[in-house]
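Step one of this worksheet: look at the structure below.
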Amino acid sequence: MENKKEMIMGCYGIGAGRTAAAAIEQNFDDRGIIFPPALAPFDAVIVIAKMRDENIKKAGFELYEKMKAAGIDVLVDDRDASFGAKAADADLIGVPVRVVVGDKWINDGVAEVKARWNSDMNLVKKDDVISTTKSILEKGIN
């Protein structure tokens, strides 16, 4: 005969919600949340600078597919809004890495890549965007 025991479970207030709140309390600035990569809902956001430009739009979604295939949890901001609004919103929600696909991608073969926790905007060759993003995520908040 099998011994059955009633399971008792408790909650002590240290769950996913509290962990996220504690991270936000520790990591923010005047522009919004600065999520550590391990806690961020997304690893990176691709900001398509000009949604009305079909070449830029196509390039943004191609990069999205490549980043997903490389194991990066990525979000695409494909709203028909200004670049400034998109950049501000990316900072507000705390996505660790912002990648801008715009005129520089088409004309010069580079993207603007920025870690949320500093103000350094790096111009990165198309072929190096994924490795640069992974490097930023691995290093985390300095």
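- Contact check for Glu112 versus Arg98: no side-chain heavy atoms found under the 4.5 Å cut-off.
- From Asp103, atom CG reaches atom CG of Asp108 across 9.0 Å, with rounding to the nearest 0.5 Å.
- Expressed to the nearest 0.5 Å, how far CG of Asp91 lies from CD1 of Ile33 amounts to 11.0 Å.
- Both Val101 and Val97 sit in one connected hydrophobic cluster of ILVMFWY residues. Membership requires side-chain heavy atoms under 4.5 Å apart, directly or through other members.
- The side-chain hydrogen bond (donor to acceptor under 3.5 Å, both in side chains) analysis of residues 122-135, with sequence neighbours excluded, yields no pairs.
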Checklist entry - Between Lys57 and Asp78, is a salt bridge (Lys or Arg N to Asp or Glu O under 4.0 Å) present by the stated rule, with each step listed? => result CA-CA 8 Å; Lys57 182 177 172 180; Asp78 61 351; over 6 Å; no

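- Atom CZ of Phe83 sits in a crowded spot, with more than 12 heavy atoms from other residues, nucleotides or ligands closer than 6.0 Å.
- Here the straight-line distance linking atom CD of Gln26 with atom CG of Leu39 works out to 11.5 Å at 0.5 Å rounding.
- Val113 and Phe42 fall into different hydrophobic clusters, where Ile, Leu, Val, Met, Phe, Trp and Tyr side chains are chained together by heavy-atom contacts under 4.5 Å.
- Put simply, NZ on Lys104 and CD1 on Ile56 are 12.0 Å apart, with the number rounded to the nearest 0.5 Å.
- Taking each heavy atom of Arg79 and Ala85 in turn, the nearest pair found is NH2-O, 3.9 Å.
- Under a 3.5 Å cut-off, the side chain of Lys86 and the backbone N or O of Ile48 do form a donor-acceptor pair.
- The cluster map of Ile, Leu, Val, Met, Phe, Trp and Tyr, joined by side-chain heavy atoms under 4.5 Å apart, puts Leu75 and Trp117 in different clusters.
- Under 4.0 Å is where a charged nitrogen must lie from a carboxylate oxygen, and between Arg116 and Asp29 at least one such pair does.
- Of all non-hydrogen atoms in Pro37 and Pro96, the two that sit nearest each other are CA-CG, 4.0 Å.
- Leu137 and Val100 fall into different hydrophobic clusters, defined by Ile, Leu, Val, Met, Phe, Trp and Tyr side-chain heavy atoms under 4.5 Å apart, directly or through other members.
- Here the shortest heavy-atom pairing between Asp43 and Gly71 reads OD2-O, 4.2 Å.
- A continuous path of Ile, Leu, Val, Met, Phe, Trp and Tyr side chains, each step under 4.5 Å between heavy atoms, connects Met51 with Ile46, placing both in one hydrophobic cluster.
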